[in-house]
Each structure stands twice: as structure tokens, then as C-alpha cells.
Amino acid sequence: MIGIDIGGTKTHGVRFEDGVPVRDESTGSSNVQNVSREVAAANLAALFGMIGGGSVDEVYAGAGGIDTEEDAQALAALISPHVSGARVTVVHDSRLLLAAGGASTGVAVIGGTGSAAWGRNDDGDEARAGGWGYLLGDEGSGYWLGREAVRHSLRRMNRKLKADELTTALLESCGIDGPDKLIALFHSPDTGRRFWAQQARLVVEAAAAGHEASNRLVEQAGRDLADLAAQVVRQLGIAGPVILGGGLGMNVPALQDSFRAGLEAQGIADVRVLDQEPVFGVLQLVAEQRG
């Protein structure tokens with residue numbers, strides 16, 4: 001069996017034999033919301049070239065933006081040529097996250113390039129919040145933090161304030177010499193969702209160094225992710241668990257603290273941070289699928 005987790009930045013694939021991972025590789029994103037179909041196909045081809053295709057009976061893939069059966073079929077069509085005859089299942093990547101957290105019911109929250117929450121209760125009811133993409137939402141995500149760093153810098157420019165620590169780091173990372181050039185760069189076809197999501201690390205680093213505005217942004221990101229989770233908890237009528245994953249969610253303690261505090265304020269105490277990559281959740285999902 002092969003498990004695949006397709007995020008906004010990378011595609012992570014693991015080949016399992018008798019439930020044991022034997023090959024574990026990553027390539028660039030193959031999510032067609034972030035890259036062209038041609039790039040997605042090329043990255044999947046590279047991944048299968050590393051972990052092997054051919055004689056495999058099952059592929060289970062999770063990806064952001066899988067909102068309809070048509071979305072799932074379109075991604076399955078890119079995967080199937082590499083695994084002739086295999087059963088290919090495609091789901092929203094939040095399902096991988098919940099299973100990787102060792103839960104069959106509860107709420108999974110993705111805080112990565114984008115953001116979303118998904119959950120299921122004991123009756124099999126499902127609910128979602130967020131996951132609308134960067135033009136409509138993605139609050140608390142890497143893209144959101146990167147964009148807010150730009151907005152912070154532009155507001156300071158409009159007020160005739162000199163560049164602070166965050167703005168200075170942002171300008172250096174972007175290779176430009178003044179905040180006035182951020183507007184054109186932000187709208188340039190040479191940058192996009194992934195580029196600005198990568199700037200989130202500058203906010204995280206500035207916050208860790210004591211930069212007040214960056215601290216506020218990281219705390220707001222945690223609260224926004226907590227709000228997504230709480231929406232799903234209320235819709236499903238459950239107490240938890242709520243499992244936080246994604247690159248930001250798993251690696252930024254200040255965001256985790258804000259996330260927990262935001263949920264505790266709403267009476268939700270069973271909050272966990274994912275401690276393994278979501279792709280390993282496919283083992284539980286396949287076992288559930290087979291009954």
C-alpha cells in the first residue's frame with residue numbers, strides 16, 4: 001500500500017509493506033490549487049519514481065481542496081497511471097490528520113500553508129469549517145501570517161514609520177529595498193500562495209525574539225484556528241479530541257498555546273498536537289475502510 005499526503009508545499013509519500021514503512025520520500029506540491037496540473041503530474045511522477053508504483057494494490061491519498069467527488073476523481077486520475085490496477089482513494093487531508101492522531105472520531109485542524117477543520121462523531125456525522133482557500137479564508141495559516149507581515153509593513157510605511165524588525169526581515173527575504181515595492185511584488189505572477197506562506201517563518205522568528213506585533217499575529221493565528229475547531233465541535237455535539245497538525249500547528253509552541261487557550265475558553269479541554277506526519281494515518285483509514 002502507498003499513502004500520500006499532498007500539502008500546499010510538498011507531497012509526502014510512504015510505501016508500506018505489511019503495515020511497515022519501507023520507503024518514505026517527498027517532492028514538491030501536487031495540489032492543483034497551488035500548482036498547475038502539469039507541475040502536479042510531474043511531482044507525482046517523481047514521487048512514484050522514488051517510492052515505486054507498479055505492483056501495489058491500494059493507494060490512499062489526502063489533499064487540501066478535496067471538496068467534491070469531482071475533485072477526488074481529478075486527483076485520482078493523476079495518480080492511477082502510476083499504479084495500474086490499484087484501488088485509489090482520495091480524501092480531504094484533514095482525515096489523514098485525525099487518523100494519524102489515533103482518533104476515529106473528533107476534530108482535525110490543519111494549520112499549514114492553508115487552514116481547515118474537519119470532524120466526525122460516533123454517529124458518522126461529519127462537519128467542516130474553513131478550507132475555503134487563500135482568497136476567501138485560510139485564517140491562521142502560513143499564507144495568512146505571510147500576508148499579515150506585508151500588511152503590517154505597508155501600514156508602517158503609510159504612517160511614515162521606519163522599518164521595524166519584521167519589515168526588515170521581510171524585505172531581506174523578498175530581495176527588495178523598500179516597503180513600497182511590496183505591493184507590486186505581492187501581486188506579481190512571480191509570487192503566489194506558497195511564496196507568501198513561506199514568509200510566515202519571519203513572523204514566528206520575530207515573535208520568538210520578542211517583537212510585539214509578531215507576537216500578536218501568532219496569537220491571533222492560534223485563536224483563529226481554535227475558532228474553526230470550535231465550530232466543528234459544536235456542529236457535531238462532541239467534547240473532542242481536537243488534534244492540531246500542519247507545519248505551523250506542529251512546530252510553533254506559541255501558536256499551540258494560543259490554540260489551546262482559545263479552545264479552553266470555549267469549554268473544550270481535550271486538545272492535542274499531532275506527533276507524527278499525517279500520511280501515517282492512512283493505515284488506520286484503510287483498516288476502517290476494510291471493516
Side-chain angles (χ1 to χ4, degrees), residues 3 5-8 33 60-72 89-134 136-141 144 220-250 255-291:
D5 178 28
I6 300 172
Q33 289 192 343
Y60 207 110
I66 302 300
D67 301 314
T68 66
E69 184 59 32
E70 290 75 17
D71 294 332
T89 302
V90 175
V91 298
H92 194 275
D93 54 356
S94 53
R95 298 190 181 211
L96 300 187
L97 197 159
L98 185 65
S104 57
T105 61
V107 178
V109 181
I110 294 173
T113 300
S115 64
W118 171 87
R120 181 171 61 186
N121 63 20
D122 288 330
D123 295 327
D125 300 322
E126 299 181 4
R128 287 187 54 180
W132 301 341
Y134 71 102
L136 294 172
D138 277 355
E139 294 89 347
S141 69
W144 182 87
Q220 184 63 54
R223 289 194 298 270
D224 287 342
L225 294 174
D227 285 343
L228 291 179
Q231 289 178 48
V232 178
V233 166
R234 288 192 293 268
Q235 289 180 65
L236 294 176
I238 60 178
V242 174
I243 301 172
L244 176 63
L248 283 174
M250 294 172 68
L255 184 147
Q256 295 166 5
D257 291 343
S258 176
F259 180 74
R260 288 192 179 94
L263 288 171
E264 287 172 2
Q266 301 186 61
I268 301 166
D270 189 355
V271 181
R272 312 170 190 175
V273 175
L274 192 66
D275 60 3
Q276 65 174 341
E277 292 294 326
V279 70
F280 292 99
V282 302
L283 295 173
Q284 177 169 314
L285 290 172
V286 169
E288 291 174 359
Q289 188 179 64
R290 292 173 177 173

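Only heavy atoms go into these numbers, but all of them, side chains included; no hydrogens, no water, no symmetry mates. Remember, it's a predicted structure, so these values are computed and weren't measured experimentally.
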Report yes or no: does [X] contribute a side-chain atom to a donor-acceptor pair with the main-chain N or O of [Y] at less than 3.5 Å?
{"X": "Q256", "Y": "G249", "result": "yes"}
{"X": "R223", "Y": "S258", "result": "no"}
{"X": "D123", "Y": "D125", "result": "no"}
{"X": "T89", "Y": "Y60", "result": "no"}

So which atom in [X] and which in [Y] form the shortest heavy-atom distance, rounded to 0.1 Å?
{"X": "A99", "Y": "G281", "value": "CB-O, 3.4 Å"}
{"X": "A108", "Y": "S94", "value": "CB-O, 3.3 Å"}
{"X": "A229", "Y": "V242", "value": "CB-CG1, 3.8 Å"}
{"X": "L228", "Y": "A129", "value": "O-CB, 3.6 Å"}
{"X": "H92", "Y": "G64", "value": "NE2-CA, 4.3 Å"}
{"X": "L96", "Y": "V279", "value": "CD1-CA, 4.4 Å"}

So do the side chains of [X] and [Y] get within less than 4.5 Å of each other, counting heavy atoms only?
{"X": "V273", "Y": "R260", "answer": "yes"}
{"X": "I243", "Y": "L98", "answer": "yes"}
{"X": "I66", "Y": "V90", "answer": "yes"}
{"X": "S115", "Y": "D224", "answer": "no"}

In this structure, are over 12 heavy atoms from other groups packed under 6.0 Å from Y134 atom OH? no
[X] [atom1] to [Y] [atom2] distance, which is reported to the nearest 0.5 Å:
{"X": "S141", "Y": "L225", "atom1": "OG", "atom2": "CG", "value": "8.0 Å"}
{"X": "N121", "Y": "I238", "atom1": "CG", "atom2": "CD1", "value": "6.5 Å"}
{"X": "F280", "Y": "L274", "atom1": "CZ", "atom2": "CG", "value": "11.0 Å"}

Any side-chain hydrogen bond (donor to acceptor under 3.5 Å, both in side chains) pairs touching residues 272-286, not counting sequence neighbours? D270-R272, Q284-E288
Write out all pairs satisfying side-chain hydrogen bond (donor to acceptor under 3.5 Å, both in side chains) with one or both partners inside residues 231-246, taking only residues at least two apart or from two chains. R234-Q266
How would you list, by chain and number, every residue that makes a side chain to side chain donor-acceptor pair (under 3.5 Å) with D138, sequence neighbours excluded? R193
L244 pairs by side chain to side chain contact (heavy atoms under 4.5 Å, CB included) with which of L97, V107, L255? L255
